[in-house]
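First listed ligand is number 1; within each ligand, the first listed atom is number 1. We count residues from 1, following the sequence as given.
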Amino acid sequence: MTLTLVEQRTSAARAPGVVATRRVRIAVPSVVILVATSAVVWTGASSLLADHRLGAALAGGWAELAAPLVLALVLALVVCEQRWPAERRPVLARGLVHDACFFVLHLALVIPLMTLLAFGFSRVLDDLVGGSWRSWTGSIPLWALAAATLMAMDAGNWLAHWTEHRVGALWRMHALHHSQEELNVFTSFRAHPLSHFMGFCLATVPVVLVMGARPLTPVLITIYVCLGTLPHANVPWSYGPLGKVVVSPAYHRIHHSSEGALGVNLGIVLTAWDVMSRRARFPRPGDAPCPTGIAGRPLATEQTARGKAHVAVLINQLLEPFAKS
Ligand SMILES: [Zn+2]
Ligand SMILES: [Zn+2]
């Protein structure tokens with residue numbers, strides 16, 4: 001299903017008054033995701049503005065998602081990638097620099113978007129069930145709630161990830177993450193901003209429901225961000241026996257493989273969901289690191305557009321899901 005826009009341009013090379021037309025076909029499902037995301041973000045922003053809490057909420061989002069622990073981990077992994085690389089590359093490999101641009105975009109724009117999505121969904125829940133859900137966990141010990149939250153978050157993210165690989169419109173957004181041919185720690189942040197809608201539906205709502213506004217919630221989210229960032233690092237670590245339970249860089253690299261099935265090793269932190277759905281492919285000791293990216297290079301990447309500036313390639317990648325394929 002497409003909308004058809006007609007772009008009209010006059011050209012100096014043509015006679016005055018002669019109009020050239022070029023049809024730009026728009027992918028409607030991507031527009032629907034944009035509208036749905038905007039609606040939830042607007043719900044969150046307007047509710048926070050009404051309570052004069054917008055500034056504090058955004059500051060809280062940065063404190064959770066760009067916490068010093070996250071930044072320190074990213075920095076440490078950049079060093080580890082040079083010291084123990086799975087694949088040796090130049091210090092300023094084009095893929096690393098490009099994904100660092102995505103990290104800057106993440107810090108500047110995506111974190112506020114995620115924060116407002118979380119508040120927006122929370123407001124929608126309030127409107128649906130009148131806020132009664134906020135007190136249902138009052139008598140449960142905090143440690144049990146924290147464990148349940150991490151499990152629910154990971155199960156929800158696994159389901160969102162599985163959906164992204166099954167539904168064409170969601171894959172159009174997720175493909176950008178998979179198009180990296182030089183996997184690195186910043187690839188964790190190489191994601192289309194609109195790809196977060198599904199994850200927030202399935203992963204953040206359970207967090208809000210279980211933990212609510214308890215002081216431990218931001219800590220849990222920071223820990224989860226760290227655990228989800230680490231597997232993208234360009235290091236060969238498989239974590240030994242622990243790697244059967246926790247997603248390691250070697251395990252997640254197989255998910256990014258440009259060879260074989262894409263729909264395996266979907267786990268973010270725990271491998272259990274992959275094991276239960278028979279989608280786990282554990283790395284074997286001594287195996288060479290697999291090449292990453294999408295076979296056939298269907299998307300423009302920084303490696304295929306070598307002469308172009310990173311910002312131009314990045315903008316092109318963000319617009320790509322809106323063009324009818
Ligand atoms: Zn994926
Ligand atoms: Zn990944």
Any sub-3.5 Å donor-acceptor pair from S277's side-chain atoms to W273's backbone N or O?
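Present.
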Do side-chain atoms of T187 reach the backbone of R190 as a donor and acceptor pair under 3.5 angstrom?
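Looks like no, no N/O pair under 3.5 Å.
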Show every donor-acceptor pair shorter than 3.5 Å between a side-chain atom in residues 40-52 and any protein atom, with sequence neighbours excluded, or say none if there are none.
unit_1 : atom_1 : unit_2 : atom_2 : d
T43    : OG1    : A39    : O      : 2.7
S46    : OG     : W42    : O      : 2.8
S46    : OG     : T43    : O      : 3.2

Side chains of residues 57-81: which donor-acceptor partners sit under 3.5 Å, not counting sequence neighbours?
unit_1 : atom_1 : unit_2 : atom_2 : d
W62    : NE1    : L107   : O      : 2.6
E81    : OE2    : V185   : N      : 2.7
E81    : OE2    : N234   : N      : 2.8

Could you please tell me which protein N, O or S atoms lie under 2.8 Å from the Zn ion (ligand 2)?
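Metal shell, protein only: H177 NE2, H232 NE2, H252 NE2, H256 NE2.
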Would you mind listing every ring pair (Phe, Tyr, Trp, His ring centres under 6.0 Å) that reaches into residues 283-325, with sequence neighbours excluded?
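Every ring pair (Phe, Tyr, Trp, His ring centres under 6.0 Å) pair that includes a residue of residues 283-325, provided the two are not neighbours, is H98-H310.
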Give a rough value, rounded to 10 degrees, for the angle at the Zn ion (ligand 1) between atoms NE2 of H165 and NE2 of H174.
100°
Side chains of H161 and H177: is there a donor and an acceptor less than 3.5 Å apart?
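Per modelled atom types, H161 and H177 side chains form no pair under 3.5 Å.
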